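First comes the structure, then the notes that go with it.
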Protein chains: 2
Amino acid sequence: MPSPDRDARDATHRFIEFLKQKRLKQTQQRMDVLRKLLSLQTHVNAEELFHALRKENPSIGYSTVYRTLKLLTECGIAKENQFGDRITRYESSFNRKHHDHIVCVECNEIYEFENEQIETLQREVAKNLGFQMLDHKLEIYGICKLCLRSKESL
Amino acid sequence: MPSPDRDARDATHRFIEFLKQKRLKQTQQRMDVLRKLLSLQTHVNAEELFHALRKENPSIGYSTVYRTLKLLTECGIAKENQFGDRITRYESSFNRKHHDHIVCVECNEIYEFENEQIETLQREVAKNLGFQMLDHKLEIYGICKLCLRSKESL
DNA sequence: ATTTCTGCAAATAATTTGCAACATC
DNA sequence: GATGTTGCAAATTATTTGCAGAAAT
């Protein structure tokens, strides 16, 4: 059975292999960014990651964070997401199934969901239009349960 | 029956009413931006619009284009879209049904499609999660028919 | 005459890049 | 010791804003 710890070790292992294969170096900073991304477990942007890392290592640079996120994305450990605003958010995608996002426009919380029927219909749409589908993304925007509740009680 | 010309006239009319109601002024530039957006009929970014407008009126400014696009979005004539890159693209949304996009990653062409079943499933997902759904967007990324064909013939 | 607009140039925000000092292989 | 990496500062990209002169009400 998969466990968060197990996944973290496996992801780390994959990253190290990836670096080796590309003749890139295994540095402290690169491992730090990976560890932090895995531990935060959410949709973080570069800024949030940078500040979290600064707390532990005040000398880490913004560019290192960006550069490492590129590498992690390249080797499939991280996934980039753009939600409405112009900010790129990253989530760890290692050992994770495809999922879509539903975003609360009030509290900005991002939830995930899966729906196999929607996936199937998307594949059909692409096929009917003669496309070879590579990727797809679906975002639903709305007001979440909690925000609706706190509005009612006014 | 709706015709492109008819839609253009109606959209213009709505924009003029919108400006009046907000006590904003009906200027040459604002009408130019509207006309150009309607005539281009595609998913244009501010830069493309700006250059198209410059050809006819070399003195128009970038900020006017951006500011007018904001107004057109506000009154429902334009709709903003963000596809993967960090660029905002605009399409005219006057008298247009909701639709989703399928983007070719080779030639960057953007096609549109509608699928009522997917829409229904999305509403169900939102409902099940306790969300009040406000908006949603779906993008499929892949390689289009034409690009696939030209790859085969190599 | 008043109010709003425009175009420019400068500001902003997120991200990228050049480079000299530094760490890893 | 050779090569790749880091952190910084400066560049870049898309967009926004302040402002003085110009246009619409």
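Quick caveat, the model's predicted, so the values are computed rather than measured. Here is how names work: the chains are called A, B, and so on, in the same order as the sequence lines, proteins then strands, and each is numbered from 1.
Straight-line distance from the CZ atom of A:F50 to the P atom of C:dT16: 15 Å, rounded to whole Å. Straight-line distance from the CD atom of A:E48 to the P atom of C:dA14: 11 Å, rounded to whole Å. Put simply, CG on A:L53 is 14 Å from C1' on D:dT6, counting in whole angstrom units. Between the C1' atom of D:dT5 and the CG atom of A:L71 lies a distance of 11 Å, rounded to the nearest Å. Following rounding to the nearest Å, A:R30 (CZ) and C:dC25 (C1') show an atom-to-atom distance of 13 Å. Atom CG of B:L49 and atom C1' of D:dA14 are 15 Å apart (whole Å). One atom, CG of A:L69, and another, P of C:dT15, lie 10 Å apart when rounded to the nearest Å. A:L19 has its CG atom 12 Å from the C1' atom of C:dT24, to the nearest Å.
Shown here is B:Q117, whose CD atom has no more than 12 heavy atoms of other residues, nucleotides or ligands within 6.0 Å.
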Report, as a single string ordered 5' to 3', how protein heavy atoms within less than 4.0 Å touch nucleotides 15-25 of chain D: B base, S sugar-phosphate only, - not at all. BBBB----BBS
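Between the side chain of A:E152 and the main chain of A:R149, no donor-acceptor pair closer than 3.5 Å is present. Looking at B:T73, its side chain never comes within 3.5 Å of a backbone N or O of B:K79 through a donor-acceptor pair.
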Taking only distance into account, with no hydrogens and no angle test, what donor-acceptor pairs under 3.5 Å do side-chain atoms of residues 33-42 of chain B form with protein atoms, sequence neighbours excluded?
{"unit_1": "B:R35", "atom_1": "NH2", "unit_2": "B:D32", "atom_2": "OD1", "d": "2.7"}
{"unit_1": "B:K36", "atom_1": "NZ", "unit_2": "B:E56", "atom_2": "OE2", "d": "2.8"}
{"unit_1": "B:S39", "atom_1": "OG", "unit_2": "B:K36", "atom_2": "O", "d": "3.1"}
{"unit_1": "B:T42", "atom_1": "OG1", "unit_2": "B:L40", "atom_2": "O", "d": "3.1"}

Give the table of side-chain donor-acceptor pairs shorter than 3.5 Å for residues 13-25 of chain A, with sequence neighbours excluded, one pair per line with atom names and distance.
{"unit_1": "A:R14", "atom_1": "NH1", "unit_2": "A:C75", "atom_2": "O", "d": "2.9"}
{"unit_1": "A:K22", "atom_1": "NZ", "unit_2": "A:E74", "atom_2": "OE2", "d": "2.6"}

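Residues B:R23 and B:V65 each lie close to DNA chain C; by heavy-atom proximity, the contact nearer the 5' end of the strand is made by B:R23.
Between A:H99 and A:H43, the angle of the ring planes goes over 60°, which puts this pair in the perpendicular group of the 30/60° scheme.
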